[in-house]
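Naming: A, B, ... by sequence-line order, numbering from 1 per chain. Below, all heavy atoms of this structure are taken into account, side chains as well, without hydrogens, waters or symmetry copies.
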Amino acid sequence: MLAYVLLWMVLWAMVGGVMTPRIYARKDLDVANTGLAGALMGAALGPFGLALLWWRSPKLTGRWLATPGVLAVLLFAAAFARTYPGNLCVSNGSFVVTQVVNGLILGLIYGLMALGLTLIFSILGVVSFSHGEFYMIGGMLVYYMSVVWLPGLNPLVALVGAALITFLIGVVFERLFLRVMNTGQVERPGEYAILVTFGLAFFLQYLTLALVGATPKKAPRFLDYPRLDWPSPENPWLLRMRAGTVEFLDTVSIATPRVTAALIAMVMLLILMWFLYRTWIGKALRAVSEDRQAAAVTGINPDTMNTLAFGMGTMLAGLSGASLVQVFSWVPWVGTLASARAFVIIVLGGMGSLPGAFVGGLIVGLVEALGAGCIPDPQRAAAYIPAYGMVILTLVLLLKPTGLFGREL
Amino acid sequence: MKRRLVLWGGAALGILLLVVAPFTFLHQAYLVHIGIVALFYAILASSWSLLAGYAGQFSFGHMAFMAIGAYTTGLIGKFVRLASAPTGTCTEFPLGGWYLVLQNATGPNCLERGMAQMPPGSLIVQPPILVGILAGTLLGGIFGWLIGVLVLRLRRTYLALFTIGFSEILRVAINAEIDITDGPNGLELDPLFPNGLTLFGRYFEPTDKLPPYFVMLGLFVVSMWLMSWLASSRFGLFIRAIREDQEAAAALGVHVVRYKVLVFVVTSMIAAAAGAVQAHYIGVITPNILLILQMSLVISMAVIGGLESLVGAAIGAILLEFALEFLRRSFTIGTLTVDMTTWRLVFFGILLMLTLRFQRNGLIHPLLERITRAEALRETVAKRQAPAEV
Amino acid sequence: MAEIALDVNQISKNFGGLQALRDVTFQVRGPELIGLIGPNGAGKTTLTNILDGVIKPSSGTVYLNGRRIDPLPPYAIARAGLGRTFQVTRAFRRMTVMENLLVPAMAKHPTARRSDLERRAMEVLEFLTIDHLRYEYARALSGGQQKLLELGRLLMLDPDIIILDEPFAGVHPRLMEVIYRYITQVNAQGKAFIIISHDMETIFTLSRRLLVLNFGELIADGDPEVVRRDPAVIQAYLGSDSDEPWQPERRAPTA
């Protein structure tokens, strides 16, 4: 049954996605978002929705996108529940909630990393293909500092150290290789940026491999949570905290390293917001991203801002890795998948949009958690995790290349 | 035309060298093996340079097309049989007196069950390797067309992201669909010549390196010839014009959409063909050929050789592959042992970045251009120095 | 050769709610030399892009030599006989001058021998006085030379109607002469020109007919002498915040 519903939805979504822009163009209306609206409408309501859309051809406000979007998701969920009544995602509510919370927690950290990438893009106009490598290095540094070099060092101190080092690597790379893009010393700067950051990724990944080897590493959890039962030890229905897990409401059980990582990400987000919106340098950064030349006239040195933005971007990636090294095991190529995920998020959120990166991160985290938890064949579900994001990327690029919060291209 | 003479002479000399090489002191199996791999990378690097350097389409999905070629022929070898009588149990299509049989991936083997009911003396044979390779090439072209159409509107960075996405989805799917592709364990393929080969009175074992070498060399020569011809014809002129300025090219009568899609089709087919041949030579393919790092290797070879030169990219790939192989040896300085299997790639990464930064047109291409453009430049200079008449 | 005929009928274009062009109608008959002027934002570039096929009109039709061209894609319009330059020079920078010229030639004549096209390209380059640069990459050329290169490409496309977008902007006086000569000579060979320019002096000396756009409407069409005195035209220029002063005096080009 699910297969037929899916086929039906995809078919009408394709019809809607292809035909709606043409119909709007013929009626001489604004074609922005028409492909997306048509696809969503087709997926949600099939030919009836499309007929309504084409006949009325309304101005496509957010409501015309959100309503069919939600309907399509509901339709899919209903078909899924009918087909697999025994699936954990259908029969076990607490499992679903746990997956959702886990997804949101990871999404928060993914968002933090993507925020770095989008910051780089909005100031330098460059998508760094080496972003995942900084994520990987951040994690490696925390592991080495707190476990190998200085055993007993507080991991949170190591976290700060990793942030500083990834910041410095980013700054040095920007000065050596990206600065020349603005001075006219390299031709075709767009191509150059893609290739040189790609080269950096290659270099960093193999350098790490040569230095630390291929054995997986895992840092112990940063914090052991105190034993806590609330409201009372006899009946801790609200909160049951142990060193390794936290359980809310008797249903949602989360590993504490993830909670720690989420807390770090939240603190970092707050600091970042404060920095960007309250300090002079942050305002200067945003000014440069709005209008480079105008900013230069007001006495901001755009070159310095470039270096700073790249360093901050790599630092955010490093921090994300640093906070997740206690959650996942760490090998020199973890960055590849992280890079890909960050691309998905910034394309989904809209290139250069800070709130977009945040929201996009949460969405990707959710989709991955639910996909991994709900797809019937568990082995296959796990194997497909990297693909969920890529499917989102493909759909966004085809239907709405500007993303959720993007500026027009 | 002195210039043409230089070009043809150079090409002939290069091919002659490659043909004779395995018969000289370089005849050891190990070296011939590196030669095959080098030619494989040369085909990939030069076709990528046609796509990215000439047409400006920075696709990171080139290895995906290579993998499509490899897996197509591998899956045909695994699942497709030709039978002289209907099996009655498998999915099958009549084909001029024979039957094209598709085996099922899961459940009891339909072919074995079918064989019991087939009339005695019925034949069941594998389709020839060549058919698999051709089918792989064709499917590569079809996917190239599809991707080419999908990315028409995407600009540089988005195109790079989209093609990475395509490549990753393919890799993950191959990893996950273990029933069909054998997943990360790898799909096994027959050698290029499953029954050996007798040529000029000499018998070659199926594992012998010389026949695959010449197959790969043949593919290399054919694809280089095809691409050079395309690059020097209006096709090459148009895709470069599109790379430079799509709108201006259209305003001058160039059918932008057709040529953009066409360049995807051509380069994907070449990559797929190389992948199919290489897969049969190696004998096993894993989804790891789709790792981004494999793609970076091809990109590095093309960039270091010269992104805007087919020959430069090919020479770059051959030289770098040999360099990489010979740098495998680890060495010791004092107490420090340097494991070169990894470090050579670190140096490779540095070389790539430095080339990009300081020698943008690659290391080989400028040398070639000095030879081919010498005449033209002399003329320009002479004209400029002549007293200007107005 | 059949008589050149461009028929622009009631072209309108809306961008969302903004009306960029309203019912623009004019004809070109034979090798005319037409100037197209108007204050900034009057719709000159939009009109060019519609004629060229880059954007489609909301309503109205365009016929070239009896064939309807407005639904065609740009490359087909170019082959049908309408060529244009862009306001900003758009040479193919990483191709040689010769290759730049061969692109339109090969697009228009798919079956012609390359050597014939190259010979033709040499003639064009000599005419434009940049033949010594034929193997030079276009990026090595000066801005003015690149402008000449664009004109050369148009000649290789061999269109019936040539639209030049600001051909004189930022050009060295000596090159201006070459461009001026190009326009008059090519025009004398039977090609029609539509020239968009802010350079009033040159437009007045050069063109024999003037089209004036204002707020998307064609407010005047006729002999430059007459158009110059048209109150609507004067109003359009004086009433807008345009950068360039209205200079009705007629002067010879710097020769």
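- Heavy atoms closer than 4.5 Å to chain B are found in the side chain of Val180(A), but not in its backbone.
- The two residues Arg357(B) and Leu176(A) make their nearest non-hydrogen contact at NE-O, 3.4 Å.
- Proximity to chain B is absent for every atom of Tyr388(A), based on heavy atoms less than 4.5 angstrom apart.
- In this structure, Tyr384(A) and Ile169(B) have side chains that are not in contact, with every pair of non-hydrogen atoms separated by 4.5 Å or more.
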Checking side chain to side chain contact (heavy atoms under 4.5 Å, CB included) for the pair Met353(B)/Phe202(A): CA distance, chi angles, key distance, verdict? CA-CA 10 Å; Met353(B) 283 160 66; Phe202(A) 188 87; over 6 Å; no
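- With a threshold of 4.5 angstrom between heavy atoms, Glu191(A) approaches chain B through its backbone and through its side chain.
- Looking at Leu161(B), the atoms closer than 4.5 Å to chain A (heavy atoms on both sides) sit in the backbone and in the side chain alike.
- The environment of CH2 in Trp145(B) is sparse: at most 12 heavy-atom neighbours from other residues, nucleotides or ligands sit within 6.0 Å.
- Under the side chain to side chain contact (heavy atoms under 4.5 Å, CB included) test applied with Phe162(B), the options Val347(A), Leu393(A), Thr394(A) reduce to a single match, Thr394(A).
- In this structure, CG in Leu307(B) is found 7.5 Å from CZ in Arg188(A), a value given to the nearest 0.5 Å.
- In the displayed structure, Arg292(A) atom CZ is contacted under 6.0 Å by more than 12 heavy atoms of other residues, nucleotides or ligands.
- Summarising the geometry, atom OG1 belonging to Thr336(A) is positioned 5.5 Å from atom CG belonging to Leu293(B); distances are rounded to the nearest 0.5 Å.
- Salt bridge Arg341(A)/Glu168(B): absent, no basic N to carboxylate O contact under 4.0 Å.
- Taking chain B as the reference chain and counting heavy-atom pairs below 4.5 Å, the highest number among Ala210(A), Gly389(A), Ala201(A), Gly199(A) is found for Ala210(A).
- Of the atoms belonging to Leu170(B), not a single heavy atom falls under 4.5 Å from chain A.
- With a 4.5 angstrom heavy-atom cutoff, Phe121(A) does not touch chain B via any of its atoms.
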What's the verdict on side chain to side chain contact (heavy atoms under 4.5 Å, CB included) for Phe166(B) and Met390(A), showing C-alpha distance, side-chain angles and the deciding distance? CA-CA 7 Å; Phe166(B) 169 64; Met390(A) 288 301 162; over 6 Å; no
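- For a residue to count as touching a neighbouring chain, one of its non-hydrogen atoms must lie under 4.5 Å from one of that chain's; by this rule Leu351(B) does not touch chain A.
- With a 4.5 angstrom heavy-atom cutoff, Phe60(B) touches chain A only via side-chain atoms.
- Among the candidates Phe203(A), Trp333(A), Tyr206(A), the residue making the largest number of heavy-atom pairs closer than 4.5 Å to chain B is Tyr206(A).
- Looking at heavy atoms from C-beta onward, Phe129(A) lies in side-chain contact with Ile164(B) at the 4.5 angstrom threshold.
- Both the backbone and the side chain of Leu200(A) come within less than 4.5 Å of a heavy atom in chain B.
- In terms of heavy-atom pairs under 4.5 angstrom with chain B, the leader among Leu337(A), Leu209(A), Leu207(A), Leu195(A) is Leu195(A).
- Under the side chain to side chain contact (heavy atoms under 4.5 Å, CB included) test applied with Phe198(A), the options Val303(B), Ile299(B), Leu352(B), Leu356(B) reduce to a single match, Ile299(B).
- Proximity to chain A (any heavy atom under 4.5 Å) is shown, for Ala173(B), by both the backbone and the side chain.
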